[in-house]
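For reference, the structure is listed below as structure tokens.
Chain identifiers are assigned alphabetically (A, B, ...) following the order of the sequence lines, protein sequences preceding nucleic acid strands; residue numbering begins at 1 within each chain.
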Amino acid sequence: MLRGAAQAPGAPLPQLHENRCPTDPSSPVSPRPPTGMMHIGTARTALFNWLYARHTGGKFLLRIEDTDRERSTAEAVQVIFDGLKWLGLEADEAPVFQAGRADRHRAAVDQMLARGSAYRDYMTPEELEAERELARAEGRVIRSPWRDLSPNDAPDRPFVVRLKAPLDGETVIDDQVKGEVRFQNQNLDDLILLRTDGTPTYNLAVVVDDHEMGVTHVIRGDDHLNNAARQTLIYQGLGWAAPVWAHLPLIHGPDGAKLSKRHGAQAVSEFDAMGYLPEAMRNYLAKLGWGHGDDEIFSDEQAIAWFDIKDVVSAPARLDWDKLNHLNNHYIRLAEPARLAGLVVDIHKSRDLKVREAALPVLERTIPLVRDGAKTMLELADATVFVLKHRPLELPEKVQGLLTEETRGRLSRLRDRLADEADWAVPALEQSIRGFAEAEGVGIGKFGPALRGVLSGGSPAPDLAGTLVSLGKDESLGRLNDALSDGA
RNA sequence: GGUCCCUUCGUCUAUCGAGUUAGGACGCCAGGUUUUCAACCUGGAGAGAGGGGUUCGACUCCCCUAGGGACUGCCA
């Protein structure tokens with residue numbers, strides 16, 4: 001939905017409350033090749049934009065900022081789409097590719113040139129470098145001599161087009177989370193709008209696209225706060241009204257430093273691979289930098305109803321794995337077993353474990369029994385391997401050590417009792433086991449560990465009755481028989 | 001170097017000048033429960049970076065210092 005560039009200067013912002021999600025199609029850290037990842041910080045920015053759009057009834061828009069052609073690849077873009085989809089944040093309209101709008105960007109620059117709010121700068125790279133050093137030494141911003149020269153003096157050589165920013169006065173950003181931020185214009189340089197090859201730069205493209213896409217609220221990372229001032233100057237140069245700004249604090253690693261590889265993960269795909277559920281990520285990310293009183297766990301609907309940019313915290317937050325795990329566990333307990341079973345199968349398969357179709361229902365009835373302790377889907381997968389093993393099970397030494405003469409006798413008597421059990425369900429089996437212990441005149445501790453070991457092959461398993469139910473009567477008895485006949 | 005942002009328990013945060021032992025959550029510690037690992041129950045320790053102001057009164061407003069961070073590209 002392009003509104004066209006012809007909006008009158010100073011006209012009121014449309015009441016659409018549209019947002020955009022600024023997204024980097026390539027890695028901001030390593031120049032090339034694109035690392036093809038969607039940073040967790042980008043994901044949270046997207047989440048806040050999404051929450052705000054849903055809350056206000058506006059639109060959640062996606063724009064791929066690929067004005068740097070070299071670093072933008074189809075794969076990198078796909079990673080972004082996949083990441084947003086996994087997180088459950090899909091844009092309301094087709095994504096806009098910035099690179100495809102270069103003509104609009106250039107048209108805007110023509111306007112500025114005509115209005116005198118931009119100029120051609122013929123400085124050579126060497127001259128620029130010298131000026132940069134000098135400016136830094138003098139503690140000021142770069143200034144080009146071409147700013148005030150007449151076009152008639154133009155030499156015949158490549159040029160960039162720069163913004164002709166005001167030299168004095170101040171630019172005030174009324175940021176929704178930072179409050180009023182003031183910049184002295186003398187500290188703001190004439191940023192490049194068009195490169196030597198005529199292609200638009202990011203700062204120009206963002207302004208033009210936001211304006212023409214009808215973006216009213218720009219919610220983005222803290223790292224753009226300085227840019228907001230400079231972009232405001234571009235809006236002024238174009239005679240357009242600036243949008244409402246909201247700059248989110250960054251997410252740091254557990255140690256407070258910038259989030260990086262050594263913190264475990266930075267890409268949303270990695271969180272997926274580590275077994276985190278998207279709804280847990282949404283809840284966690286929402287709580288990171290925003291909150292609604294003491295509410296810790298909430299649904300998307302609640303988050304949407306409660307979300308307000310003004311409640312966003314202004315300090316950077318650290319990624320806390322313990323808390324993420326806790327939330328993930330909470331959502332694993334809430335999820336449909338069938339869905340979890342599917343995810344668990346995928347994990348087992350990726351670990352080269354053969355999973356037959358018939359295992360799905362078995363998994364489905366096992367999951368509710370073992371999910372309470374699972375912090376991630378990976379752990380849930382670990383907790384369910386016992387059910388997927390093939391007979392005869394290999395018993396680890398620890399289990400074999402439990403199988404003394406006495407215990408074997410006991411287990412065999414228990415086997416007979418279980419074989420007669422008609423009601424193969426947790427309550428009945430619990431009673432049966434307890435009754436058996438009584439009949440034997442011993443505590444469950446006398447045979448429980450051995451029974452568990454025989455049934456699970458030493459892998460983690462739920463309580464005894466649960467394990468029996470998970471396995472089913474035939475498989476349980478079979479495993480018992482295997483162990484009792486083996487070496488007997 | 002310059003500009004800008006940030007600073008409450010270990011972590012995320014509540015408290016939006018005067019009802020507080022500064023609340024909650026995760027984590028942690030202790031105890032309970034117990035057929036593994038968990039889960040679960042009970043209890044506990046734990047914070048306003050430092051220094052100045054403003055005010056009858058400050059965690060809350062202002063200034064300074066310290067410490068973190070972002071930007072300072074013909075990257076985004």
Side-chain angles (χ1 to χ4, degrees), chain A residues 22-28 31 65-68 70-72 98 121 125 128 132 135-142 158-162 173 175 177-179 181-184 186-189 191-199 201-203 205-206 221-230 247 249-250 252 254 256-258 284 287-297 313-327 329 333 370-375 379 382-383 398 433 437 443-453 456 458-465 467:
Chain A
T23 306
D24 182 348
S26 63
S27 164
E65 312 199 311
D66 53 355
T67 42
D68 183 353
E70 279 177 36
R71 288 203 268 173
S72 177
Q98 204 151 48
D121 176 15
L128 213 204
R132 199 190 310 284
R136 191 181 171 107
E138 293 178 6
R140 60 170 175 82
V141 114
I142 294 173
F159 61 87
V160 297
V161 177
R162 282 183 188 274
I173 300 299
D175 193 90
V177 350
K178 302 290 184 184
V181 184
R182 319 184 86 90
F183 295 86
Q184 294 306 308
Q186 59 178 3
N187 295 321
L188 269 16
D189 60 357
L191 34 80
I192 294 178
L193 272 15
L194 252 33
R195 304 185 182 103
T196 313
D197 65 1
T199 57
T201 58
Y202 163 78
N203 279 297
V206 175
D222 216 344
D223 47 342
H224 286 285
L225 185 53
N226 289 287
N227 280 336
R230 311 201 290 173
H247 289 90
L250 270 21
H252 289 166
K258 196 166 150 180
Y284 179 71
K287 268 297 285 180
L288 211 54
W290 171 79
H292 184 260
D294 283 342
D295 294 303
E296 297 286 340
I297 290 173
V313 175
S314 57
R318 304 182 184 198
L319 190 63
D320 182 0
W321 293 99
D322 287 327
K323 196 151 190 174
L324 209 207
N325 285 337
H326 176 258
L327 276 173
N329 170 258
R333 287 160 163 234
V370 299
R371 82 220 294 200
D372 283 2
K375 293 190 286 289
E379 289 183 7
D382 290 340
K398 239 188 288 174
I433 291 170
I444 293 176
K446 272 293 183 193
F447 61 91
L451 175 59
R452 173 196 310 291
S456 72
S459 296
D463 58 40
L464 294 176
T467 303

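Mapping A/Val313 and A/Arg140 onto RNA chain B by nearest heavy atom places A/Arg140 closer to the 5' end of the strand. The residue among A/Asp372 and A/Ser459 whose nearest nucleotide of RNA chain B lies closer to the 5′ end is A/Ser459.
The side chain of A/Thr196 approaches B/C74 more closely than any other nucleotide in the set B/A76, B/C12, B/C74. Here B/A14 is the nucleotide among B/A76, B/A14, B/A70 with the atom lying nearest to any side-chain atom of A/Asp294. When distances run from any side-chain atom of A/Asn227 to the nucleotides B/G27, B/C5, B/A76, the shortest one goes to B/A76. When the nucleotides B/A76, B/A70, B/C74 are ranked by their closest atom to the side chain of A/Leu250, B/A70 comes out on top. Comparing B/A14, B/U7, B/U35 by their closest approach to the side chain of A/Ala315 singles out B/U7. Distance from the side chain of A/Lys323 is smallest for B/C26 among the nucleotides B/A76, B/C26, B/A14. The listed nucleotides are B/G27, B/C74, B/A39; the one nearest the side chain of A/Asp322 is B/G27.
Nucleic acid contact for A/Pro249: none, since no nucleic acid atom lies under 4.0 Å from a heavy atom of the residue. Within the nucleic acid shown, A/Arg371 has no heavy atom closer than 4.0 Å to any nucleic acid atom. Among the protein residues, A/Ala461 comes within range of the nucleic acid bases, having at least one heavy atom under 4.0 Å from a base atom. Within 4.0 Å (heavy atoms only), A/Gly443 reaches no atom of the nucleic acid at all. Contact annotation for A/Ile444: base contact, defined as any heavy-atom pair under 4.0 Å involving a base atom. Using a 4.0 Å heavy-atom criterion, one finds that A/Arg452 contacts the bases of the nucleic acid, with or without backbone contacts as well. Note on A/Arg132: only backbone sugar-phosphate atoms sit closer than 4.0 angstrom, heavy atoms only; bases stay farther off. Residue contacts for A/Val181: at a heavy-atom cut-off of 4.0 Å it reaches the sugar-phosphate backbone alone, with no base atom in range. Residue A/Asn226 is in base contact, counting any heavy-atom pair closer than 4.0 Å across all strands shown. At the heavy-atom level, A/Val141 lies nowhere under 4.0 Å from the strands shown.
Between A/Asn325 atom CG and B/C28 atom C1' there is a gap of 15 Å when expressed in whole angstrom units. Note: CG (A/Asn329) to P (B/A39) measures 8 Å, nearest angstrom. Summarising the geometry, the separation between CG on A/Asp175 and P on B/U3 is reported as 20 Å, rounded to the nearest angstrom. Atoms CG (A/Leu128) and P (B/C74) sit 6 Å apart, rounded to a whole Å. Per the geometry, CG belonging to A/Asp463 stands 15 Å off P belonging to B/A38, to the nearest Å. A straight line from CZ of A/Phe183 to P of B/U72 spans 13 Å, rounded to a whole angstrom. In this structure, A/Asn187 atom CG and B/C4 atom C1' are separated by 10 Å, rounded to whole Å. For A/His326 and B/A38, the NE2 to C1' distance is 14 Å, given to the nearest whole Å.
With a 3.5 Å ceiling on both atom-pair distances, the Watson-Crick or G-U wobble partner of B/G43 is B/C29. Searching all strands for a Watson-Crick or G-U wobble partner of B/A38 with both distances below 3.5 Å returns nothing. With a 3.5 Å ceiling on both atom-pair distances, B/U54 lacks any Watson-Crick or G-U wobble partner. Nucleotide B/G1 forms a pair with B/U72, judged by Watson-Crick or G-U wobble geometry with both contacts under 3.5 Å. Judged by Watson-Crick or G-U wobble contacts below 3.5 Å, the nucleotide B/U7 has B/A66 as its partner. Across all strands shown, B/G19 forms no Watson-Crick or G-U wobble pair with both key distances under 3.5 Å.
Residue ring and base: A/His224 counts as stacked with B/A76 (centre distance below 5.5 Å, interplanar angle below 30°).
Of the P atoms belonging to B/G43 and B/C26, the separation is 14 Å, rounded to the nearest Å. Comparing B/G67 with B/A49, their P atoms sit 16 Å apart, to the nearest whole Å. B/C64 and B/C6 have their P atoms separated by 14 Å, given to the nearest Å. Nucleotides B/U60 and B/C41 have their C1' atoms positioned 38 Å apart, rounded to a whole Å. B/U65 sits 28 Å from B/C56 when the P atoms are compared, rounded to a whole Å. Nucleotides B/G27 and B/G44 place their C1' atoms 14 Å apart, quoted to the nearest Å. Nucleotides B/A47 and B/G24 are separated by 14 Å at their C1' atoms, to the nearest Å. Nucleotides B/U20 and B/G53 place their C1' atoms 26 Å apart, quoted to the nearest Å.
Between the side chain of A/Lys287 and the main chain of A/Glu296, no donor-acceptor pair closer than 3.5 Å is present. Between the side chain of A/Asp175 and the backbone N or O of A/His247, at least one donor-acceptor pair lies under 3.5 Å. Looking only at distances, a side-chain donor or acceptor of A/Arg452 sits under 3.5 Å from a matching main-chain atom of A/Pro462.
Within a 6.0 Å sphere centred on NZ of A/Lys375, heavy atoms belonging to other residues, nucleotides or ligands number 12 at most.
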**Prompt:** Given A/Arg162 and A/Asp189, is the salt bridge (charged side-chain N to carboxylate O under 4.0 Å, His left out) satisfied, shown in steps?
**Reply:** CA-CA 9 Å; A/Arg162 282 183 188 274; A/Asp189 60 357; 5.6 Å; no
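To the nearest 0.5 Å, atom CD1 of residue A/Ile297 and atom NE2 of residue A/His326 are 5.5 Å apart. Rounded to the nearest 0.5 angstrom, A/Asn329 CG and A/Leu324 CG are separated by 11.5 Å. Here the OH atom belonging to A/Tyr284 is positioned 5.0 Å from the CG atom belonging to A/Asp320, to the nearest 0.5 angstrom.
Put simply, the side chain of A/Arg136 and the base of B/G1 share a donor and an acceptor less than 3.5 Å apart. Residue A/Lys287 places no side-chain atom within donor-acceptor reach of the base of B/C12, judged by atom type and a 3.5 Å distance cut-off alone. A donor N or O paired with an acceptor N or O is not found under 3.5 Å between the base of B/A25 and the side-chain atoms of A/Asp295.
Neither side chain, A/Asn203 nor A/Thr201, offers a donor N or O lying under 3.5 Å from an acceptor on the other.
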